[in-house]
Amino acid sequence: MITLSVIKADTGGFVGHSAVHPDMMQAAEAQLKERKEQGIIIDYQVARVGDDIALIMTHRHGADSELVHRIAWETFQATTEVAKRLKLYGAGQDLLKDAFAGNVKGMGPGVAEMQFEERPSEPVIIFLGDKTSPGAWNLPVFRMFADPFNTPGLVIDPKMHDGFDFEIMDLRENKIARFRTPQESYDLLMFIGSPNRFVIRNVYLPGGTEPVASTSTQRLSLIAGKYVGKDDPVLIVRCQSGLPAVGEVLEAFTQPHLVEGWMRGSHCGPLMPVGFEQANTSRFDGPPRVVAYGFQVNRGRLVGPRDMFGDPGFDRARQTALEMAEMMRRMGPFEPHRLPLEEMEYTAMPQVMRKVQHRFQPADQDAGEAAGAR
Ligand code: F6R
Ligand code: MG
Ligand code: MG
């Protein structure tokens with residue numbers, strides 16, 4: 001059995017929240033190279049999207065391994081040091097605790113991990129999103145594993161014809177539940193259609209125990225109880241041979257959808273699929289974007305990455321996303337571009353309300369009295 005761990009954090013932005021400084025990438029690379037040489041991990045890739053670094057690691061220690069989480073924590077300490085030295089923006093932003101306590105979950109970084117028996121050939125795609133939140137994967141993951149208009153394999157491939165099990169998580173109540181598709185697709189959609197509360201955590205073969213897709217589900221604001229940074233999520237998808245083909249998995253991103261997390265974590269915008277060269281968020285601190293790192297896993301080694309969205313085949317999707325961005329920006333500070341009050345990560349509402357609350361009078365009061373309260 002091998003374990004694939006993807007642990008990501010924003011430990012400082014270059015410039016503002018737009019990208020990661022190359023020196024930080026080098027610092028992460030040096031840390032993981034050493035751990036690989038010591039034989040603690042089998043292989044690694046330091047990846048990034050926008051201002052987030054993702055540590056992609058393979059090893060034999062299983063999910064939630066203290067050893068592997070400690071490596072991630074120490075690596076992010078090292079990248080934070082670089083960010084502090086260069087006075088980069090928001091140095092150490094996602095490291096919410098001072099000392100490592102055995103597992104990085106709940107400490108800020110986003111985590112997706114899966115343990116599996118490597119197949120004779122194991123194509124895997126790792127998606128990294130910036131300026132968005134974990135629920136952003138709900139729609140594309142549903143498309144990959146449950147929508148025959150996206151994934152003809154569900155109809156044509158006898159191995160996929162029985163559908164898949166989706167494990168969803170209620171982020172507010174901290175509960176999980178499983179649904180089988182296609183039988184329970186409508187029940188499933190009822191929940192995952194509210195992506196700020198219900199997120200897909202894992203996908204399994206029917207009745208299976210080894211995930212075929214896994215997401216990070218951490219929401220920093222729910223951990224810290226207030227806005228403390230972004231929840232930019234990751235997604236791991238295994239492909240082919242009875243699972244969606246690489247092209248079916250990627251196809252799920254060709255019709256951009258609106259996600260939460262743009263500018264100040266408080267705006268809705270389109271999720272734009274981009275190649276590695278375009279992984280820098282700039283316009284209005286965005287638009288939200290996703291990159292796709294493709295690997296063939298070979299006895300735990302990561303053969304790759306291939307830049308899966310670095311293909312003119314996605315130009316049209318990018319164009320559509322930009323048109324959607326334009327349309328949303330026209331709304332300025334109005335919903336639905338701006339998120340509803342309770343969902344906004346930044347809000348001046350309590351202060352504004354305190355300042356003017358005495359002006360709010362029962363609506364059936366006399367107009368003159370209301371004016372007097374001004
Ligand atoms: C961060 C993000 C950005 C910031 C914005 C304001 O990932 O989404 O849009 O929220 O740049 O940042 P501060 O409050 O740090 O000036
Ligand atoms: Mg940031
Ligand atoms: Mg980010």
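Counting starts at 1 for both ligands and their atoms, in listed order. Values below: all heavy atoms of this structure, side chains included; hydrogens, waters and symmetry mates excluded.
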| remark: Atom name of the N, O or S atom of D232 nearest to the Mg ion (ligand 3) is OD2

| query | Which ligand 1 atoms, with their elements, are less than 4.0 angstrom from a heavy-atom of Y89? | reply | 13 (P), 15 (O), 16 (O)

| Atoms in ligand 1 with a heavy atom of K131 nearer than 4.0 Å | 7 (O), 8 (O)

| said: I'd like to know if E326 pairs up with R283 as an ion pair, taking the criterion as any Lys NZ or Arg NE/NH1/NH2 lying under 4.0 Å from an Asp or Glu carboxylate oxygen. | reply: yes

| said: A quick test of your reading: do over 12 heavy atoms of other residues, nucleotides or ligands sit less than 6.0 Å from CD of Q38? | reply: yes

| task | Within a distance under 4.0 Å of any heavy atom of D285, pick out the atoms of ligand 1 and give their elements. | result | 3 (C), 4 (C), 5 (C), 9 (O), 11 (O)

| Note: K33-E37 ion pair, threshold 4.0 Å (strictly below) | yes

| task | Calculate the angle formed at the Mg ion (ligand 3) by OD1 in D52 and OD1 in D51; 10° precision is enough. | result | 90°

| request: Specify which N/O/S atom of H17 comes nearest to the Mg ion (ligand 2), by atom name. | output: ND1

| task | Have a look at D10 and say which of its N, O or S atoms is nearest the Mg ion (ligand 2). | result | OD2

| request: Identify whether the distance between the nearest side-chain nitrogen and carboxylate oxygen of E81 and R85 falls below 4.0 Å. | output: no

| remark: Under 4.0 Å from one or more heavy atoms of M263, ligand 1 contributes atoms 9 (O)

| field | Which atom of D130 approaches the Mg ion (ligand 3) most closely (N/O/S) | value | OD1

| message | Between the side chains of R299 and E118, is the shortest nitrogen-to-carboxylate-oxygen separation below 4.0 Å, so that they form an ion pair? | response | no

| field | Part of R264 within contact of ligand 1 (heavy atoms, under 4.0 Å) | value | both

| Name of the residue among D187, D165, D162 meeting side-chain hydrogen bond (donor to acceptor under 3.5 Å, both in side chains) with R180 | D165

| said: Does the Lys NZ or Arg CZ of R35 fall within the cation-pi geometry relative to Y44 - under 6.0 Å from the ring centre and within 45° of the axis? | reply: no

